[in-house]
Amino acid sequence: MHILHVVGARPNFMKVAPVLRVLQQRDGVRQTLLHTGQHYDANMSDIFFQQLGIPAPDVFLGVGSGSHAQQTAQVMMQFEKAVLADRPDWVLVYGDVNSTVAAALVCAKLRIKVAHVEAGLRSYDREMPEELNRLVTDQLADLLLTPSVDGDANLEREGIPADRIHCVGNVMIDTLVRLLPQAKLPDVPLRESFALVTLHRPSNVDEPESLKRILSTLTELSDRCQMVFPVHPRTRSRMADIGFTKPADERFLLLEPLGYLECLALQKHATAIVTDSGGIQEESTYLGVPCLTLRENTERPITIHEGTNQLIGTDMDKLKIEFEKVLCGSGKRGRCPALWEGRASERIADILTGVQSQKSGFRRAA
Ligand code: UD1
């Protein structure tokens, strides 16, 4: 069986790593790793391959940045050639980035089978480009592998046949569980208590007034607790546009994007996390660290119902109040959702290779 994995952007790398590792140990499986090059900076891509032990891509498309249409179209044109050169039995696509939807659409038209890892997540907010990517990818995929049962329910509501849907658990947690013992804090002047900040959603950073409001609130909060902020390239360029200058002291640390192991250690040791990232909402739930999410909605509601995540939206007064509660020790507590234990990639490999183990518990309830 020939399986081709498509990755393109930072959040894909922690998802593909465990699936590649598990399938490598299965007899009769040949794998190809294709990187579209949507993310290309060393600190957005290469460092993840090194730290997660992902082999160098067999195929690199080098599509780079552009408008959504340009980026998606570039992936489609180049991916079509690559996939026809060595037609796989299955293509695995991950998450909700432009590379995911582009590859799924090409495969659907060529009648090459596609499995979507992290299927079924919905924010029900079509302002988010990722939501459109999720909707289209799930309509096209032959096999939908969901991280939690809410994903199964969303897909069934959209008319996806139940026999295509499998709740396998969260592959990103497989990577977290494996690498947590190796997590290492970055070499920066950290105080005993600090908050980790990450921001990159267009809705927060592309609108100058909203970015200014968020940054001035974080500056104010840095009087109460050190802010540690690894800055995404999109956000760095928007911060330069509005003339935000680095605060003079270490109460507000602005860093370059971090490696996986450094980001994981910061999450683990943080008193609070302020973010708009999807992955960090999940990782903080696993780690039991209070997460204040600067979004009005989330495609990962299980992190709210069961985990430590809390939606703040754009209300900066609410952020200050909830942040203060976390500092006083009354932040949100939670539990780890079912099947977020480090074995999701094994369940995926079982399904793909047809070893439908009775005891592994991944089959959907009838
Ligand atoms: C993309 C994904 C998003 C994911 C995020 C994680 C889509 C629609 N969005 O958003 O789901 O959460 O990645 O990072 O696929 N840039 C660099 N160097 C890089 C990569 C990007 O400088 O290595 C710059 C680009 O030139 C662009 C900006 O960062 O100006 C945004 O990159 P892009 O890939 O368009 O989207 P992200 O915001 O990173």
Side-chain angles (χ1 to χ4, degrees), residues 6-16 35-50 52 57 60-76 79 93-105 116-119 121-123 125-138 147 172 175 196-207 210-211 229-242 255-260 262-263 273 275-284 291 293-295 297-300 303:
V6 179
V7 293
R10 187 169 62 177
N12 292 155
F13 306 137
M14 26 299 212
K15 295 169 196 164
V16 78
H35 186 340
T36 66
Q38 178 177 342
H39 283 178
Y40 43 85
D41 285 350
N43 58 16
M44 296 293 286
S45 179
D46 300 359
I47 189 166
F48 292 88
F49 279 71
Q50 290 154 23
L52 305 180
F60 183 73
L61 302 182
V63 300
S65 303
S67 70
H68 283 269
Q70 284 166 343
Q71 199 172 52
T72 310
Q74 279 296 335
V75 175
M76 286 181 72
F79 176 72
V93 296
Y94 295 82
D96 56 17
V97 303
N98 287 339
S99 302
T100 306
V101 69
L105 184 49
H116 184 204
V117 177
E118 203 186 82
L121 298 187
R122 296 290 181 270
S123 64
D125 174 5
R126 292 196 183 193
E127 297 283 317
M128 272 183 98
E130 293 83 357
E131 181 73 356
L132 303 173
N133 294 345
R134 292 181 202 115
L135 278 163
V136 175
T137 305
D138 285 341
M172 226 174 48
T175 294
L196 173 66
V197 177
T198 84
L199 281 177
H200 75 281
R201 293 271 156 228
S203 57
N204 282 327
V205 306
D206 285 4
E207 169 57 44
S210 121
L211 182 58
F229 183 6
V231 187
H232 187 284
R234 166 191 285 276
T235 311
R236 186 167 291 277
S237 100
R238 300 298 183 268
M239 284 163 76
D241 293 345
I242 61 166
L255 310 176
E256 290 299 313
L258 293 170
Y260 180 77
E262 290 79 7
C263 186
I273 295 176
T275 192
D276 59 11
S277 147
I280 290 180
Q281 292 173 53
E282 296 183 338
E283 289 166 343
S284 55
C291 179
T293 296
L294 302 188
R295 285 176 47 188
N297 49 52
T298 177
E299 62 287 344
R300 292 158 162 95
T303 60

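One-based numbering, in listed order, for ligands and for the atoms of each. Excluded from the calculations below are hydrogen atoms, water molecules and symmetry mates; all remaining heavy atoms, backbone and side chain alike, are included. As the structure is a computational prediction, the values presented were derived from the model and not from experiment.
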Specify the closest pair of heavy atoms between Val93 and Ala103, including all atoms of both residues, with the distance to one decimal. CG1-CB, 3.9 Å
Closest non-hydrogen contact found for Glu262 with Leu258 is CB-CB, 4.2 Å
Considering only heavy atoms of Gln71, which atoms of ligand 1 have at least one such atom less than 4.0 Å away? 34 (O)
I'd like to check which ligand 1 atoms, numbered from 1 as shown, lie under 4.0 Å from a non-hydrogen atom of Ser65. 25 (C), 26 (O)
Could you give the distance from OG (Ser203) to CG (Asp125), rounded to the nearest 0.5 Å? 7.5 Å
shortest atom 8 (C) of ligand 1-to-protein heavy-atom contact is with Asn98 OD1, 3.3 Å
Given that the side chain starts at C-beta and the backbone is N, CA, C, O, which of these parts of His39 lies under 4.0 Å from ligand 1, counting heavy atoms, or is it both or neither? both
Stepwise side-chain contact (heavy atoms from CB on, under 4.5 Å) check, Glu283 with Ser277: CA-CA 10 Å; Glu283 289 166 343; Ser277 147; over 6 Å; no
Going by the order shown, which atoms of ligand 1 are within less than 4.0 Å of some heavy atom of Arg201? 12 (O)
Give the intermediate values and the outcome of side-chain contact (heavy atoms from CB on, under 4.5 Å) for residues Thr36 and Phe79. CA-CA 8 Å; Thr36 66; Phe79 176 72; 5.9 Å; no
Closest non-hydrogen protein atom to atom 38 (O) of ligand 1, residue and atom name please, with distance? Arg234 NE, 2.9 Å
Within a distance under 4.0 Å of any heavy atom of His200, pick out the atoms of ligand 1 and give their elements. 4 (C), 5 (C), 6 (C), 12 (O)
Report the part of Glu130 (side chain from C-beta onward, or backbone N, CA, C, O) that has a heavy atom under 4.0 Å from ligand 1; answer both or neither where that applies. side chain
As an exercise, identify every atom of ligand 1 less than 4.0 angstrom from a heavy atom of Val97. 2 (C), 7 (C), 11 (O), 15 (O)
Which residue and atom name correspond to the protein heavy atom nearest atom 18 (N) of ligand 1, and how close is it? Asp41 OD2, 2.9 Å
Who are the ring-ring contact (aromatic ring centres under 6.0 Å, His included) partners of His35, not counting sequence neighbours? Phe13, Phe49, Phe60
Please find the pair of heavy atoms, one from Val101 and one from Asn133, that lie closest to each other, and give the distance. CG1-OD1, 3.4 Å
Between Pro11 and ligand 1, which residue portion shows a heavy-atom distance shorter than 4.0 Å: side chain, backbone, both, or neither? side chain
Using a 3.5 Å cut-off on N or O atoms only, is Asn133 in polar contact with ligand 1? no
So Glu118 and Arg134, side-chain contact (heavy atoms from CB on, under 4.5 Å) or not? Walk me through it. CA-CA 9 Å; Glu118 203 186 82; Arg134 292 181 202 115; 5.8 Å; no
Any chance you could measure Leu211, atom CG, to Arg238, atom CZ, to the nearest 0.5 Å? 9.5 Å
For Arg10, all residues meeting salt bridge (Lys or Arg N to Asp or Glu O under 4.0 Å), sequence neighbours excluded: none
Indicate, as side chain, backbone, both or neither, the part of Met128 found under 4.0 angstrom from ligand 1 when only non-hydrogen atoms are considered. neither
Does the pair Tyr40 and Ser65 meet the rule for a side-chain contact (heavy atoms from CB on, under 4.5 Å), with working shown? CA-CA 9 Å; Tyr40 43 85; Ser65 303; 2.8 Å; yes
Give the residue, atom name and distance (to 0.1 Å) of the protein heavy atom nearest atom 22 (O) of ligand 1. Pro233 CB, 3.3 Å
Okay, side chain of Thr235, backbone of Leu199: is any donor-acceptor separation there less than 3.5 Å? yes
In this structure, atom 16 (N) of ligand 1 is nearest to the protein heavy atom Tyr40 OH, 3.5 Å
Protein heavy atom under 4.0 Å of atom 30 (O) of ligand 1: no
List ligand 1 atoms under 4.0 Å from Met44, heavy atoms only on the residue side. 14 (O), 19 (C), 23 (O)
Is there a polar contact, in the sense of an N or O pair closer than 3.5 Å, between His68 and ligand 1? no
Can you name the atoms of ligand 1, numbered from 1 with element, that are less than 4.0 Å from a heavy atom of Asp96? 11 (O)
